[in-house]
Asker: 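Next up is a structure, given as structure tokens.
Fair warning: this is a prediction, and the values are worked out from it, not measured in the lab. Numbers restart at 1 for each chain; the letters A, B, ... are given by sequence-line order, proteins then strands.
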There are 2 protein chains.
Amino acid sequence: MKKRVNELTGVKEIARRANVSIATVDRVLHNRKGVSKQTKEKILGIIEELNYEPNLLAQRLASRKILRLATLIPEISKETSFWDAPLKGIEQADKEIKQFGIIIDKYFYDQNKIESFVEQTKIILESNPDGILLAPSFIEESVRFTEKCRELNIPYVLIDSDLPNGGSLSYIGPNLYHSGYLAAHLVSYLIKNGEKILIVNISREIDNHHHLLKKEEGFRAYFDKHKKSDNILKIDIRDTDLKSIEKYLSNIFTEHNDIRIVFVTNSRVSKVAHFIDSSKKDVILIGYDFLKENIEYMDKGIIDFLVCQKPKQQGYRGLISLYQHLAFSSPIEKIYFMPIDILTKENSAFYRN
Amino acid sequence: MKKRVNELTGVKEIARRANVSIATVDRVLHNRKGVSKQTKEKILGIIEELNYEPNLLAQRLASRKILRLATLIPEISKETSFWDAPLKGIEQADKEIKQFGIIIDKYFYDQNKIESFVEQTKIILESNPDGILLAPSFIEESVRFTEKCRELNIPYVLIDSDLPNGGSLSYIGPNLYHSGYLAAHLVSYLIKNGEKILIVNISREIDNHHHLLKKEEGFRAYFDKHKKSDNILKIDIRDTDLKSIEKYLSNIFTEHNDIRIVFVTNSRVSKVAHFIDSSKKDVILIGYDFLKENIEYMDKGIIDFLVCQKPKQQGYRGLISLYQHLAFSSPIEKIYFMPIDILTKENSAFYRN
DNA sequence: AATATATTCGTTAACGTACCCGTCTATCAG
DNA sequence: CTGATAGACGGGTACGTTAACGAATATATT
């Protein structure tokens with residue numbers, strides 16, 4: 001059924017009722033000067049009464065503004081394809097809001113090279129964007145960068161991990177501590193008395209990436225609280241190639257033959273899975289992230305649980321938030337923790353990253 | 001904020017290049033008659049070349065159409081607040097697309113009264129809507145209703161459970177079988193040899209609601225496959241008041257004192273939790289749905305796991321799909337299975353329904 | 001040949017908002 | 001009283017698309 005809309009609403013109606021032109025109504029709507037106090041109040045009254053809401057379509061259409069947003073995230077490396085997902089989210093958001101007059105410039109840095117990060121931030125600042133989406137892997141450098149953004153009045157949204165200095169328009173990402181805590185809770189169902197738990201950190205920059213540290217902290221906190229922290233082992237592996245990783249693991253497994261649960265604090269869990277698989281250990285393996293290689297090991301039954309936090313959504317949502325803030329001054333949630341999703345062999349096929 | 005770029009795109013540019021008026025371009029864009037084959041092909045060529053994408057804003061703004069959608073879901077009862085979530089999703093979608101010229105009429109039926117369902121479907125058909133969102137609790141009646149919809153050429157989207165006759169624009173909801181299968185997989189981690197599993201179905205209409213049946217089927221299938229189905233008990237409870245439920249449970253628990261896992265096939269799990277809590281049984285309890293009362297028992301440690309399928313999203317997504325189909329003839333996924341989310345005490349606070 | 005009918009196409013006014021530019025009025029200094 | 005100035009306001013066009021209406025031309029019918 002296709003009928004005509006004939007609502008008596010909108011600026012035109014307001015203008016009619018107030019006996020002014022729509023231009024005047026427009027002025028008070030945007031809080032611009034050039035309207036007498038009297039008229040302004042009258043118009044505001046009518047707006048209230050009609051409880052007028054601007055037509056977003058017409059608003060965007062008529063606006064000749066164009067917004068330029070910049071995104072800065074790690075490049076997709078051979079080591080991990082994790083950042084592929086946020087990028088997909090960014091691209092989807094790009095596609096959706098492109099026609100609303102939004103231009104998105106994507107920048108990338110090498111997660112193993114601080115310089116590359118700093119370099120990109122400089123380029124971004126020179127381009128003077130209207131808003132920035134940032135994955136702040138390097139804490140100090142990111143803090144410095146965001147401080148400059150604030151000086152320049154450029155709003156920014158953080159994804160994947162937060163920064164200690166506040167001031168972002170929004171943080172969209174995991175609560176790392178709780179994600180570790182949850183993993184521990186899961187483990188508590190799976191372990192029996194006397195069995196040992198092994199925490200595995202794999203990263204070239206373990207101490208710079210609070211991601212790992214926070215997760216481990218949450219994980220341990222659970223067992224501390226339940227007074228069962230004495231059977232937890234841990235190993236830090238600072239080489240990310242398969243051979244080194246397997247060597248380290250092999251060592252610790254010969255040293256302790258009663259390890260029953262292995263908790264890998266990031267997406268590198270597939271490499272541990274490779275070791276477990278080839279050495280035919282009977283352990284429960286828990287790790288992070290919905291990556292192709294991880295899912296394969298889950299389907300094979302080597303990885304038992306994966307904890308995921310919708311990385312694609314993070315990229316998508318981050319951009320949409322920036323857009324809504326800049327285009328409509330919509331209020332944005334200051335902290336948006338992503339759900340902590342638990343994946344197993346039996347529900348991963350239905351997962352939406 | 002910079003000035004707008006003067007892109008040479010849009011119907012106007014196409015018309016200019018093809019030496020026709022925009023009206024003609026519009027005709028071929030909408031595949032309407034009244035254009036010679038020659039002109040049509042020429043214009044299509046230019047559209048291709050420019051790879052033109054219509055401006056959705058302008059499109060909706062200029063369209064004087066108004067679409068009327070109807071939704072039919074169970075009313076929120078004292079027995080379960082489950083349907084509160086889809087309703088919230090519907091309301092959110094309503095809010096978002098209202099200004100695009102969409103009117104949404106909400107209808108409700110009593111899940112315990114087939115007549116109320118039939119009655120509402122009649123009213124809906126009389127109102128002759130452009131599209132329908134339906135939660136088809138009663139299979140036969142729903143099949144009859146949807147068949148009428150198809151005769152009348154009214155597209156409909158199903159949520160929460162699918163129908164056997166196909167023909168819907170889309171099904172958005174759980175894969176019930178797999179959700180049961182997943183629960184069984186979880187249980188397999190939690191159970192030890194010799195311990196018993198109890199399946200609990202609670203509903204006044206157990207045989208009409210394939211929801212329960214399908215879940216149980218999936219649950220059992222897992223254990224059949226892994227040759228461990230001999231320790232599964234089951235109880236059907238056709239009264240939904242707390243007292244009756246507790247009586248039945250009490251009976252079966254005295255009969256079998258080695259029940260270690262209880263799997264409740266729907267959101268009524270909180271009533272089982274009440275029994276477990278007050279009778280101080282030491283069992284692992286698994287059930288369905290993110291309801292306030294369920295979460296409370298999870299926080300208390302009585303319910304261990306809840307399986308959820310984003311009911312709010314189902315309502316939201318269903319309406320958005322209808323809208324996109326009707327307004328833009330966008331292609332819609334014929335089957336959109338919701339993720340099978342696992343909630344525990346430690347991640348429920350971050351869940352988005 | 002005259003008329004009717006079909007086919008193909010263009011003109012134009014919306015849709016609701018943004019904002020440039022110009023006009024009008026009041027006030028005030030000189 | 002004149003001219004300048006600033007504040008208050010309206011007119012009008014643009015944004016990209018839709019679609020009603022009608023004009024122009026071609027084809028069929030009598």
Side-chain angles (χ1 to χ4, degrees), chain A residues 2-44 47 50 52-67 98-102 326-329, chain B residues 1-43 47 50 52-67 98-102 326-329:
Chain A
K2 284 140 200 202
K3 271 190 189 169
R4 295 213 38 176
V5 212
N6 205 4
E7 305 277 8
L8 15 67
T9 176
V11 281
K12 209 151 34 182
E13 173 66 11
I14 298 174
R16 198 186 60 78
R17 294 202 190 196
N19 265 328
V20 295
S21 78
I22 57 172
T24 303
V25 175
D26 191 63
R27 284 187 190 84
V28 351
L29 276 175
H30 293 86
N31 219 352
R32 282 184 302 227
K33 57 173 192 167
V35 185
S36 71
K37 213 173 168 199
Q38 264 191 21
T39 326
K40 184 167 179 175
E41 268 164 19
K42 186 174 179 185
I43 291 178
L44 282 177
I47 288 176
L50 249 38
Y52 163 81
E53 301 231 341
N55 182 312
L56 298 186
L57 296 183
Q59 211 166 46
R60 270 323 283 174
L61 185 61
S63 168
R64 289 132 161 85
K65 282 173 199 157
I66 122 170
L67 295 174
K98 181 173 46 183
Q99 55 191 323
F100 300 168
I102 315 292
L326 290 167
F328 311 117
S329 352
Chain B
M1 308 197 187
K2 318 281 134 99
K3 281 182 190 164
R4 177 159 275 271
V5 225
N6 205 359
E7 305 277 10
L8 15 68
T9 177
V11 281
K12 213 153 29 185
E13 172 66 11
I14 299 175
R16 198 185 60 80
R17 294 204 190 193
N19 265 329
V20 296
S21 79
I22 56 172
T24 303
V25 175
D26 191 63
R27 286 190 188 89
V28 350
L29 276 175
H30 294 85
N31 219 348
R32 283 184 300 225
K33 56 172 192 169
V35 185
S36 71
K37 213 173 168 202
Q38 263 193 22
T39 329
K40 183 166 180 177
E41 267 162 21
K42 185 173 179 184
I43 291 177
I47 288 176
L50 248 39
Y52 162 81
E53 302 230 341
N55 182 313
L56 299 185
L57 295 184
Q59 210 166 46
R60 271 323 285 174
L61 186 61
S63 168
R64 291 127 162 90
K65 283 175 199 155
I66 130 169
L67 296 173
K98 181 172 47 183
Q99 55 190 323
F100 299 11
I102 315 292
L326 290 166
F328 311 116
S329 351

Asker: So if I take every side-chain heavy atom of B/Ala62 and compare against D/dT18, C/dG16, C/dT17, which nucleotide ends up nearest?
Answerer: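 The nucleotide sitting nearest to the side chain is D/dT18.
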Asker: Write down the atom of A/Ile102, the atom of A/Arg60, and the distance for their closest heavy-atom approach.
Answerer: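 Shortest heavy-atom separation between A/Ile102 and A/Arg60 comes out as CD1-NH2, 4.1 Å.
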Asker: Note the angle between the end axes of the helix from C/dA1-D/dT30 to C/dG30-D/dC1, five pairs defining each, rounded to 10 degrees.
Answerer: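 Axis-to-axis angle, ends of the helix: 60°.
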Asker: Taking CD1 from B/Ile66 and P from D/dT18, how many angstroms apart are they, rounded to a whole number?
Answerer: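 In whole Å, D/dT18 P lies 18 Å from B/Ile66 CD1.
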Asker: What's the shortest heavy-atom distance between A/Ile22 and A/Lys12, and which atoms?
Answerer: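 That closest heavy-atom pairing would be CG2-CA, 3.8 Å.
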Asker: Can you list every pair that meets salt bridge (Lys or Arg N to Asp or Glu O under 4.0 Å) and has a residue in residues 19-36 of chain A, with sequence neighbours left out?
Answerer: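 Listed once each, the pairs are A/Asp26-A/Arg32.
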Asker: Go along nucleotides 6-11 of chain C 5' to 3' and tag each nucleotide: B for a protein heavy atom under 4.0 Å from its base, S when only backbone or sugar atoms are that close, - otherwise.
Answerer: --BBBB
Asker: Taking side chain as C-beta onward, heavy atoms only, is A/Phe100 less than 4.5 Å from A/Leu67?
Answerer: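 Counting from C-beta outward, A/Phe100 and A/Leu67 never come under 4.5 Å.
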Asker: Show the nearest heavy-atom pair for residues B/Leu57 and A/Leu61, with the distance to one decimal.
Answerer: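 For B/Leu57 versus A/Leu61, the nearest heavy atoms are CD1-N, 4.0 Å.
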Asker: Would you kindly give the CG-to-P distance between B/Asp26 and C/dA13, to the nearest whole Å?
Answerer: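 Whole-Å distance recorded here is 17 Å.
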Asker: Rounded to whole angstrom units, what separation is found between the CZ atom of A/Phe100 and the C1' atom of C/dA18?
Answerer: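 Taking atom C1' of C/dA18 as the reference, CZ of A/Phe100 is at 17 Å.
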Asker: Starting at atom CZ of A/Arg32, determine the distance to atom P of D/dA6, rounded to an integer number of angstrom.
Answerer: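 Result: 20 Å.
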Asker: How many Å lie between CG on A/Leu56 and P on C/dC15, as a whole number?
Answerer: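 Rounded to the whole Å, the gap is 18 Å.
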Asker: If the cut-off is 4.0 Å, is B/Arg60 near the phosphate of D/dT18, judged by side-chain N/O to OP1 or OP2?
Answerer: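 No, because none of the side-chain N or O atoms of B/Arg60 sits under 4.0 Å from OP1 or OP2 of D/dT18.
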Asker: Is there side-chain contact between A/Asn31 and A/Lys40, with at least one heavy-atom pair below 4.5 Å?
Answerer: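 Yes - at least one pair of side-chain heavy atoms lies under 4.5 Å apart.
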Asker: Under a 4.5 Å cut-off applied to non-hydrogen side-chain atoms, are A/Leu326 and A/Lys65 in contact?
Answerer: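 Side-chain contact under 4.5 Å: no.
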Asker: Rounded to whole Å, please give me the gap between CG in A/Leu61 and P in D/dT18.
Answerer: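 Rounded to whole Å, this separation is 12 Å.
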Asker: Check the phosphate of C/dG16 against A/Gln59, side-chain N and O only, distance under 4.0 Å to OP1 or OP2. Yes or no?
Answerer: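 No, A/Gln59 has no side-chain N/O under 4.0 Å of OP1/OP2 on C/dG16.
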Asker: Rounding to a whole Å, what distance do you find between A/Asn55:CG and D/dC15:P?
Answerer: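 From A/Asn55 CG to D/dC15 P: 18 Å.
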Asker: Quick one: closest heavy-atom pair of B/Ala18 and B/Lys42, and the distance?
Answerer: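 Closest pair (atom of B/Ala18, atom of B/Lys42, distance): O-NZ, 3.4 Å.
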Asker: Hey, does B/Arg17 have a side-chain heavy atom less than 4.5 Å from the side chain of B/Leu50?
Answerer: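 Yes, at least one pair of side-chain atoms sits under 4.5 Å.
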Asker: Atom NZ of A/Lys65 to atom C1' of D/dA14: distance rounded to whole Å?
Answerer: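 Whole-Å distance recorded here is 15 Å.
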